[in-house]
Colleague: 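Structure incoming, see below.
The figures that follow rest on heavy atoms only: side chains count, while hydrogens, waters and symmetry mates do not.
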Amino acid sequence: MSFLTFICYIASIPVSFMTAPLLEFLFALFIFYAYSSKLNEKFTGVHWPLMDFLRCVSAAIIYFVISIIAISQRSDGAAKAAGVSAFGGVFLCQGNVFHVYAGPLTLQGDFS
């Protein structure tokens, strides 16, 4: 979602908002690479779930502010599309924050 927001901000007339989605995309890519290459097992001093939690919280706040500014002040279609996709990114980040904080959901009861 952050890559899509980044592309929309590049296509818009004012490209001043493009750095925040780019940095968020690169940081999410780093977290994904770290988990996939088992860096979390090598560097035990870093609390990886907290790092992912803080990434999601900061992304949700930054995306919310940027999307409000882009939708209210810019008139071109790409900025509006970037603002809407940033709102979608806010909801995805909030879902990820809940997933990281609460852990995976488990079903309770007998379903046999």
Side-chain angles (χ1 to χ4, degrees):
M1 185 57 94
S2 59
F3 186 69
L4 175 68
T5 306
F6 171 69
I7 295 297
C8 288
Y9 278 128
I10 285 179
S12 67
I13 294 169
V15 293
S16 59
F17 299 130
M18 71 176 217
T19 54
L22 177 65
L23 290 176
E24 180 58 36
F25 173 70
L26 293 176
F27 193 52
L29 199 62
F30 168 73
I31 295 288
F32 177 72
Y33 174 75
Y35 277 120
S36 64
S37 64
K38 305 286 186 191
L39 283 178
N40 56 345
E41 295 173 0
K42 294 177 186 173
F43 297 112
T44 57
V46 178
H47 195 272
W48 292 95
L50 179 63
M51 190 179 209
D52 193 26
F53 179 79
L54 292 176
R55 180 194 64 83
C56 292
V57 168
S58 66
I61 292 170
I62 290 170
Y63 279 168
F64 184 72
V65 170
I66 286 177
S67 62
I68 291 290
I69 292 171
I71 289 175
S72 65
Q73 293 182 352
R74 305 297 178 208
S75 62
D76 58 320
K80 301 268 186 204
V84 170
S85 68
F87 270 129
V90 167
F91 293 122
L92 286 176
C93 287
Q94 288 175 347
N96 194 8
V97 164
F98 178 74
H99 177 72
V100 169
Y101 182 72
L105 297 176
T106 57
L107 297 175
Q108 296 179 358
D110 187 20
F111 294 104
S112 57

Colleague: What pairs with Val65 under side-chain contact (heavy atoms from CB on, under 4.5 Å), at least two apart in sequence or on another chain?
Modeller: Ile69
Colleague: According to side-chain contact (heavy atoms from CB on, under 4.5 Å), who are the partners of Ile68, at least two apart in sequence or on a separate chain?
Modeller: Phe64, Phe87
Colleague: Measure across Glu24 and Ser58 and return the closest heavy-atom pair with its distance rounded to 0.1 Å.
Modeller: OE1-OG, 4.5 Å
Colleague: For Tyr35, I'd like to know if atom OH has over 12 heavy atoms of other residues, nucleotides or ligands within 6.0 Å.
Modeller: yes
Colleague: Hey, quick one: are Leu50 and Phe32 part of the same hydrophobic cluster, counting side-chain heavy atoms closer than 4.5 Å, chains of contacts allowed?
Modeller: no
Colleague: Restricting to side-chain contact (heavy atoms from CB on, under 4.5 Å), what partner residues turn up for Phe27, sequence neighbours left out?
Modeller: Phe30, Ile31, Met51, Arg55
